[in-house]
J.: 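Starting off with a structure, shown below.
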Protein chains: 2
Amino acid sequence: MPYRAVVSGELAKLFGVLSHPIRIRIIEELKREDLTVGALKDILGITHAAVSQQLSVLRSNHLVVESRQGRNVVYHLRNPALAIWIMEGLGFILPDTSEMEKMRSAIKDVQNAWGSETKPVKAIAKKSNTKTRVK
Amino acid sequence: MPYRAVVSGELAKLFGVLSHPIRIRIIEELKREDLTVGALKDILGITHAAVSQQLSVLRSNHLVVESRQGRNVVYHLRNPALAIWIMEGLGFILPDTSEMEKMRSAIKDVQNAWGSETKPVKAIAKKSNTKTRVK
DNA sequence: TCTGTATTTGCAAATGTTAGCATATCTAAA
DNA sequence: TTTAGATATGCTAACATTTGCAAATACAGA
């Protein structure tokens, strides 16, 4: 039954794609509304190259989909449920005791924020760091 | 509102912990039953050092808990719901067209396997390779 | 229509950092 | 001493980040 190895490998790859704060942030923002590279650059406060590069990772792994709109490229989540699933992962985080309370309140804030900011099923909307290691 | 950065960082760290096939496999096996390092070594077919190393990553991130039993060390999931949540991530995997069908059936197999092998909800019980890159 | 320019995005290379593996050594319990 | 685990070290490969440049498009002017 080698399928276990295959599937755990695919899952690991998915988790690898998500193991970057900027990519998490991008997904978080795309849950609210479809955005261009420029808009994400402003929201996240990073260079366009950084945004584009992280988007290319998400794109090549089919988590986001692009669609050109004139000179802009608008990105949206292929499966919006992804953002919800990601947020559920908060339940498995056990913060360090030092940062415990800060994290607890932060998690609650985000849970509230994500809960209220429901993405309007919308049409063609148009406007507008850190490193993470394991050991 | 810097909490977004804090939380996305914590989430990214969690995903980083899970971005390794062996660690996924370990969680998968620990969902069925608590296991020792030696047992995991046999099941996964890797060296005890490799098992111990990956367990230390899981342990330092509070995903698994150890308990000595004589000369053995038994590991179990801190929160068994973690395994279920991980499996839900399969829904966001879009396999390459080449491997499409193989993956589809593999995913179904695993979903079935995980579905049936339910770990007894038990109380305070006390008993008893590949690399993954993103781009 | 054609041309030049600014805007937006993608892509590639260079550099620094880190994870994973294999091997070996070390510690704890019986 | 033996068995089960944990940890340290060196090597390799992959990742993150920045910088620069190329491609595509829109728009203004002739």
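To find a chain, count down the sequence lines: A is the first, B the second, and so on, and within it residues start at 1.
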J.: Once you round to the nearest 0.5 Å, how far does CG of A/Leu82 lie from CD1 of A/Ile86?
T.: 4.0 Å
J.: Given 3.5 Å as the limit, does a donor-acceptor pair link the side chain of A/Trp85 with the main chain of B/Trp85, or not?
T.: yes
J.: For A/Tyr75 and C/dT8, is the shortest distance between a side-chain N/O and OP1 or OP2 below 4.0 Å?
T.: no
J.: Does A/Asn79 have any side-chain contact (heavy atoms from CB on, under 4.5 Å) partners at least two apart in sequence or in another chain, and if so, which?
T.: A/Ala81, B/Phe92
J.: Is B/Gln54 close enough to C/dA19 that one of its side-chain N or O atoms is under 4.0 Å from OP1 or OP2 there?
T.: no
J.: Under the ring-ring contact (aromatic ring centres under 6.0 Å, His included) test, which residues partner B/Tyr75, sequence neighbours left out?
T.: none
J.: Among the candidates D/dG5, C/dC21, C/dG10, find the nucleotide nearest to the side-chain atoms of A/Val73.
T.: C/dG10
J.: Mind checking what makes salt bridge (Lys or Arg N to Asp or Glu O under 4.0 Å) contact with A/Arg59, not counting sequence neighbours?
T.: A/Glu66
J.: Considering just the side-chain nitrogens and oxygens of A/Ser52, establish if one lies under 4.0 Å of OP1 or OP2 belonging to C/dG10.
T.: yes
J.: Give a yes/no answer on whether the side chain of B/His20 brings an N or O atom under 4.0 Å of OP1 or OP2 in C/dC21.
T.: yes
J.: With a 4.5 Å limit on heavy-atom distance, are the side chains of A/Met87 and A/Leu90 in contact?
T.: yes
J.: Tell me the salt bridge (Lys or Arg N to Asp or Glu O under 4.0 Å) pairs involving residues 70-91 of chain A, sequence neighbours left out?
T.: none
J.: For every nucleotide of nucleotides 23-30 of chain C, 5' to 3': is a protein heavy atom under 4.0 Å from its base (B), only from its sugar-phosphate (S), or from neither (-)?
T.: -B----SS
J.: Does a side-chain N or O of A/Asn72 approach OP1 or OP2 of D/dT25 to a distance below 4.0 Å, or not?
T.: no
J.: Bend angle of the helix from C/dT1-D/dA30 to C/dA30-D/dT1 from five-pair axes at both ends, rounded to 10°?
T.: 30°
